[in-house]
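Worksheet: one structure, shown below.
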Amino acid sequence: MNLSDHILTESELSVLSKGLNFIPCFNTKDYTSALTQDLKLFHRRLLLNKYFEDEGDGNRELFVYPNREWTPNHNILDSSINKGFKQCYEHLRHHQTFPCYHNITIEERQALKSLRSNRDIVINVADKGSNVVIQNTSDYKTEIYRQLHCSHHYLRITEPIYPTTAIKLTKILSRLKRSGFITPKQCTYLTPPPDPRPRRIYTLPKIHKPPNEWFFPSKIPPGRPIVSDIDSESYHIAEYINHFLQPLASRQASHIKDSFHFLTLLKDCHYVPSHTLLITLDVDSMYTNIDNTQGLRCLRRIFDTHPDPARPDDLLLDLISVSLSGNDFLFDGVYWLQNSGTAMGKIFAPAYANLFMTVIEQDFFLTRSFIPFFYKRYLDDIFMLWNHGLPCLEEFIAAFNGFCPSIKFKQLIDPVSVDFLDVTVFKHSPLAPQTLLCTKVHFKVTNTLQLLHRHSFHPKHTFAGIVRSQIYRYYRLSSNIEDFHSTTSILFKALRRQHYSARFLLLIKERFMRDIASGTLIGSRPKPHVTAQILPLVTTFHLGSNSVVSCFIRELRQLDSPDLAGTRIVTAYRRNTNIAELVVRNKLSFTSVLDCRDYLVLLCMHCIML
């Protein structure tokens, strides 16, 4: 979707239509240096596996830096294995350059360079679906400034506060170490780095919202704000916090893990009365609207309800409090502070928001005479079944909206069907006294079904695996075989536009249906107990290295060495650079010395007064 003033050339349009996950193959480069390094890392992995063979994974300490320098003596491995590695290294020294085919044209390569260097536009991925969205840089900034000028959530500051936040966090970590909750090695891992990276805010455009409801209709879509926390002063501490919060969030009664978990829970309500109402609720801007004080109070209640002597409740709450209050970030050369709620980008944010909503739900339900007989929630998306009539439901939702001042809901009520996550829940026979609840795949309006272009530089097995996994997902989400065939037809039409042949797609589906009929489908039978340890040889995919790696692994398997007994060596490919990494630039690194009125004249009261 091109929302910018830039007119795309035919080549630019062609290369972007391949999808942001498309991997171009430009070169005939020498692959041996990278493969040699990957083989050395795999050799070290075999040595470590042999050295620690008597120790289980359960004893591995969490939140410590791995020692990437020490390597056991090579003599502990069978000499035939070491000899095999030496022969492979020698073979790579006398290699011949392996030519790679080009999967994009010269014009498309030039188009990528042009798009990458164009600072007047921002290329982004849509918030939902796989759409490519192109905006004017000024429009992209306008939406972010629109959100930042909400004084309830954000405050402009003159200098960063993350150095002060790092000192506070370090003091709490010292208390954790003295109390015996973390080891010295863990304290070293969790301690803020001496030169942390400033957080940066970016947005994902919500083009699935009706264009007439955009703040600037049909021009600038609302954006989902995300504050990148990677390599910040609290990044590792956020991992530590999430280690305790996530298991608690998963134990709550209303928790939904994913669509398949939702279907499993829905089976408990197999038949419902015909007057049952189907409802979905959406929490409006849940992350940023959580009051920090109330959020911490909710966590305290959860901790008291689920006591754990290994969990440092008081110090953990101190870490969370400092992390929430010290969430400063950089945008367009200016520092801002989020003074309410948590930011998407914090590792613990989903679990924190889940637990907050759990307490709000529990408290609200205690005040009501009538509650839904089925209530489940996936983050900020809620599904309910209601048997007490529409007037009572409207009163329930109105009271729910007023229960917590910062939390508001958008509702959709229907007597027959509603869309929830990626499924449509509907009544099989709406007029019958008791009706069966069925499901089918729901395609959002912005879902282009752009999985992976057939000419992308991926291993061949990837394409068949992606198609089969989607067919399997559709099969599990569809109650009726007719709906399953209908949705796979929609998928195949989309894949045909991505250069998948009809024969290729039909063969995959035929094999899938045969597996269904014979009961051999993976996932439909109990998983066998696997004792073999999987050791992956991880390498970057290249047509030249593929044959070398396959031959090497085959020779290792034929050695029949006792050091490889009980292990299964497999190849795992590291992907190359895709189009998204080449052209997406939503965390703006360049700044402009401009007044905020250049972007937000209608919103900035200071500029209006000027």
For the atom pair [atom1] ([X]) and [atom2] ([Y]), what is the distance rounded to the nearest 0.5 Å?
| X | Y | atom1 | atom2 | result |
| --- | --- | --- | --- | --- |
| T280 | L412 | OG1 | CG | 4.5 Å |
| T342 | L324 | OG1 | CG | 5.5 Å |
| F484 | R476 | CZ | CZ | 13.0 Å |
| Q135 | Y140 | CD | OH | 8.0 Å |
| L495 | L505 | CG | CG | 5.5 Å |
| D229 | E239 | CG | CD | 9.5 Å |

Would you tell me whether [X] and [Y] have side-chain atoms, one donor and one acceptor, within less than 3.5 Å of each other?
| X | Y | result |
| --- | --- | --- |
| T488 | K509 | yes |
| E361 | S254 | yes |
| S417 | T424 | no |
| S228 | R199 | no |
| T276 | K427 | no |
| S406 | D291 | no |
| T358 | Q362 | no |

Aromatic ring pairing F365/Y375, orientation class (parallel under 30°, perpendicular over 60°, tilted between):
perpendicular
Evaluate the ring planes of H499 and H453, with Trp represented by its six-membered ring, and classify them as parallel (under 30°), tilted (30 to 60°) or perpendicular (over 60°).
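Rings of H499 and H453: tilted, as their planes differ by 30° to 60°.
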Counting only N and O atoms by type, is there a donor-acceptor contact under 3.5 Å from the side chain of [X] to the main-chain atoms of [Y]?
| X | Y | result |
| --- | --- | --- |
| T435 | A432 | no |
| K376 | A253 | yes |
| S321 | L317 | no |
| D258 | H261 | yes |
| H149 | Y145 | yes |
| Y378 | S259 | no |
| N401 | F409 | yes |
| Q147 | G223 | yes |
| E213 | K209 | no |

Just list the side-chain donor-acceptor pairs under 3.5 Å for residues 307-314, sequence neighbours left out, or say none.
{"unit_1": "D308", "atom_1": "OD1", "unit_2": "A310", "atom_2": "N", "d": "3.0"}
{"unit_1": "R311", "atom_1": "NE", "unit_2": "D313", "atom_2": "OD1", "d": "2.6"}
{"unit_1": "R311", "atom_1": "NH1", "unit_2": "H306", "atom_2": "O", "d": "3.1"}
{"unit_1": "R311", "atom_1": "NH2", "unit_2": "F303", "atom_2": "O", "d": "3.0"}
{"unit_1": "R311", "atom_1": "NH2", "unit_2": "H306", "atom_2": "O", "d": "2.7"}
{"unit_1": "D314", "atom_1": "OD1", "unit_2": "R300", "atom_2": "NH1", "d": "3.2"}
{"unit_1": "D314", "atom_1": "OD1", "unit_2": "R300", "atom_2": "NH2", "d": "2.5"}

Non-hydrogen side-chain atoms of [X] and [Y] separated by less than 4.5 Å:
| X | Y | result |
| --- | --- | --- |
| F383 | V425 | yes |
| H243 | F63 | yes |
| F420 | I256 | yes |
| C404 | F364 | no |
| M286 | F356 | no |
| M357 | L379 | no |
| L316 | I241 | yes |
| N327 | K346 | yes |

Would you find more than 12 non-hydrogen atoms of other residues, nucleotides or ligands less than 6.0 Å from [X] atom [atom1]?
| X | atom1 | value |
| --- | --- | --- |
| K444 | NZ | yes |
| Y271 | OH | no |
| H275 | NE2 | yes |
| K219 | NZ | yes |

If you measure from the Lys or Arg side-chain nitrogens to the Asp or Glu carboxylate oxygens, is any gap between [X] and [Y] under 4.0 Å?
| X | Y | result |
| --- | --- | --- |
| D422 | R473 | yes |
| R368 | E395 | yes |
| K206 | D127 | no |
| R575 | E581 | yes |

For N242 and A351, which heavy atoms make the closest approach, and how far apart are they?
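That closest heavy-atom pairing would be OD1-CB, 3.9 Å.
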Can you spot which of D284, V283, I279 makes a side-chain contact (heavy atoms from CB on, under 4.5 Å) with L281?
I279
N2: what forms a side chain to side chain donor-acceptor pair (under 3.5 Å) with it, not counting sequence neighbours?
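N2 satisfies side chain to side chain donor-acceptor pair (under 3.5 Å) with S4 once adjacent residues are dropped.
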Side chain to side chain donor-acceptor pair (under 3.5 Å) partners of S17, counting only residues at least two apart:
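Result, side chain to side chain donor-acceptor pair (under 3.5 Å) vs S17: none returned.
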If the condition is side-chain contact (heavy atoms from CB on, under 4.5 Å), which residues does [X] pass it with, not counting sequence neighbours?
| X | result |
| --- | --- |
| V584 | L20, N124, A580, N586 |
| H153 | C150, T288, N289, S340 |
| T305 | none |

Can you see whether F492 has R496 sitting over its ring - NZ or CZ less than 6.0 Å from the centre and within 45° of the normal?
no
Distance under 6.0 Å and angle within 45° of ring axis: R574 vs F541
no
Could you walk me through whether F512 and Y475 pass ring-ring contact (aromatic ring centres under 6.0 Å, His included), step by step?
CA-CA 10 Å; F512 177 85; Y475 181 80; 5.6 Å; yes
Should T439 and S479 be marked as a side-chain hydrogen bond (donor to acceptor under 3.5 Å, both in side chains) after you check the CA-CA gap, both sets of side-chain angles, and the distance that decides it?
CA-CA 5 Å; T439 59; S479 300; 3.3 Å; yes
Would you mind telling me which of F396, F373, F370 makes a ring-ring contact (aromatic ring centres under 6.0 Å, His included) with W386?
F396
Using side-chain hydrogen bond (donor to acceptor under 3.5 Å, both in side chains), reason through E482 and S486 one step at a time and then give a plain yes or no.
CA-CA 6 Å; E482 294 82 6; S486 174; over 6 Å; no
One pair to check against salt bridge (Lys or Arg N to Asp or Glu O under 4.0 Å): K410 and D381. What are the steps and the verdict?
CA-CA 10 Å; K410 297 175 183 176; D381 293 318; over 6 Å; no
